[in-house]
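First comes the structure, then the notes that go with it.
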Amino acid sequence: MHIAEGFLPPAHAVAWGVASAPFVVHGVRSLTREVRAHPESTLLIGASGAFTFVLSALKLPSVTGSCSHPTGTGLGAILFRPPIMAVLGTITLLFQALLLAHGGLTTLGANVFSMAIVGPWAGYAVYRLLRRFDVPLMVAVFFAAFVADLSTYCVTSVQLALAFPDPSSGFLGALGKFGSIFAVTQVPLAVSEGLLTVLVMRLLVQSSKGELTRLGVFLAGRRSPSGRSATNGTPETPKTNDTNDTNETVAR
């Protein structure tokens with residue numbers, strides 16, 4: 001997914017940087033509020049960032065000028081919501097560009113938009129939708145990680161197709177070519193990432209259940225960024241059936 005340094009035309013690189021900037025700025029504010037209000041969450045935020053860094057560094061070269069790998073953004077989106085993942089993802093991509101030559105500085109905006117913005121938002125939306133319909137926690141976690149991964153590559157395919165339209169079939173033809181190449185390699189990786197994220201969430205439920213409860217992870221309904229009820233402003237507590245469901249899932 002990391003588009004290589006200098007691969008995009010300058011106008012495209014600048015445009016994706018401008019599109020990503022507001023999300024990152026908003027994410028910095030959200031992250032600052034979270035750390036100030038709950039300093040104890042710093043360790044879990046750092047773990048979410050490390051999870052993203054390690055998974056997204058496992059690159060498989062691709063003929064598209066990009067690469068394939070898990071993204072690791074679904075877990076952090078579930079725990080801390082997508083704005084904070086925009087910051088963690090940007091930091092991850094910046095360090096990978098500087099230290100690993102994975103991606104680049106000129107393509108940072110495009111890579112941030114696909115992996116740190118669209119991926120977390122898509123995964124989080126799927127997670128909340130499934131939980132709203134009382135889908136078991138671990139099933140929702142799997143599909144959130146799966147969608148966060150795969151949607152990232154869909155956006156990268158669009159970015160590459162916009163930059164390099166097919167001479168005969170234009171944007172749609174190029175999108176079909178880039179998308180088909182990514183789909184072959186990415187679907188198995190997305191499934192693997194979903195299973196790995198479920199495993200990590202199981203460990204977190206066992207070791208940090210109180211923190212996950214505060215973050216509203218177990219809730220089946222809507223939650224606010226502050227971790228309070230979206231309807232009456234009272235602190236959210238997990239529903240009995242959700243907690244039981246989680247315990248049963250862990251026990252299995």
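In what follows, residues are counted from 1 in the order of the sequence shown.
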On a heavy-atom basis, which atom in [X] and which in [Y] lie closest, and how many Å separate them?
X: Pro9; Y: Ala163; value: CD-CB, 3.7 Å
X: Phe218; Y: Arg131; value: O-NH2, 2.6 Å
X: Ser151; Y: Ala148; value: OG-O, 3.3 Å
X: Ala116; Y: Thr90; value: CB-N, 4.0 Å
X: Ala174; Y: Pro165; value: CB-CA, 3.8 Å

With [X] via side-chain hydrogen bond (donor to acceptor under 3.5 Å, both in side chains) - residues at least two apart:
X: Thr42; value: none
X: Ser208; value: none
X: Ser180; value: none
X: Glu193; value: Thr71

query = According to the salt bridge (charged side-chain N to carboxylate O under 4.0 Å, His left out) rule, which pairs have a member within residues 145-172, sequence neighbours left out?
reply = Asp166-Lys177

message = Give me each pair satisfying salt bridge (charged side-chain N to carboxylate O under 4.0 Å, His left out) with a member in residues 13-28, each pair once, sequence neighbours excluded.
response = none

inquiry  = Applying ring-ring contact (aromatic ring centres under 6.0 Å, His included), can you list everything that pairs with Phe164, at least two apart in sequence or on another chain?
reply    =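 Only Phe7 meet the ring-ring contact (aromatic ring centres under 6.0 Å, His included) criterion with Phe164.
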
With heavy-atom distances below 4.5 Å as the criterion, would you say the side chains of [X] and [Y] are in contact?
X: Leu137; Y: Val217; answer: yes
X: Arg33; Y: Arg29; answer: yes
X: Phe143; Y: Tyr127; answer: no
X: Met138; Y: Val205; answer: yes
X: Ile45; Y: Ser41; answer: yes
X: Leu204; Y: Leu75; answer: yes

query = Of Thr197, Val54, Leu55, Thr152, which meets side chain to side chain contact (heavy atoms under 4.5 Å, CB included) against Pro70?
reply =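 Of Thr197, Val54, Leu55, Thr152, side chain to side chain contact (heavy atoms under 4.5 Å, CB included) with Pro70 is met by Leu55 alone.
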
Restricting to side-chain contact (heavy atoms from CB on, under 4.5 Å), what partner residues turn up for [X], sequence neighbours left out?
X: Ala86; answer: Ile117
X: Thr52; answer: Ser56, Thr73, Met85, Thr92, Met115
X: Thr106; answer: Glu5
X: Leu94; answer: Leu98, Leu105, Leu108

message = Is the ring pair Phe146/Phe142 parallel, tilted or perpendicular, if the boundaries are 30 and 60 degrees?
response = parallel

task = Can you establish whether the number of heavy atoms outside Phe171 located under 6.0 Å from its atom CZ is more than 12?
result =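 Enclosed.
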
request  = Tell me, with the steps shown, if Phe53 and Ile91 meet side chain to side chain contact (heavy atoms under 4.5 Å, CB included).
outcome  = CA-CA 9 Å; Phe53 184 91; Ile91 295 172; over 6 Å; no

inquiry  = For a side chain to side chain contact (heavy atoms under 4.5 Å, CB included) check, start with the C-alpha distance between Gln159 and His12, then their side-chain angles and the critical distance, and finish with the verdict.
reply    = CA-CA 8 Å; Gln159 292 170 327; His12 288 249; over 6 Å; no

ask   = Just by distance, with hydrogens left out, do His2 and Gln96 show a side-chain donor and acceptor under 3.5 Å apart?
value =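 Side chains of His2 and Gln96: pair found under 3.5 Å.
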
ask   = What's in the same ILVMFWY side-chain cluster as Val14, cut-off under 4.5 Å, chained through other members?
value = Val18

inquiry  = Main chain of Leu44, side chain of Ser48: is a donor-acceptor contact present, judged purely on distance under 3.5 Å?
reply    = yes

ask   = Looking only at atom types and distance, does a side-chain atom of Tyr124 sit under 3.5 Å from a main-chain N or O of Leu79, one as donor and one as acceptor?
value =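 Here the side-chain-to-backbone pair does not exist.
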
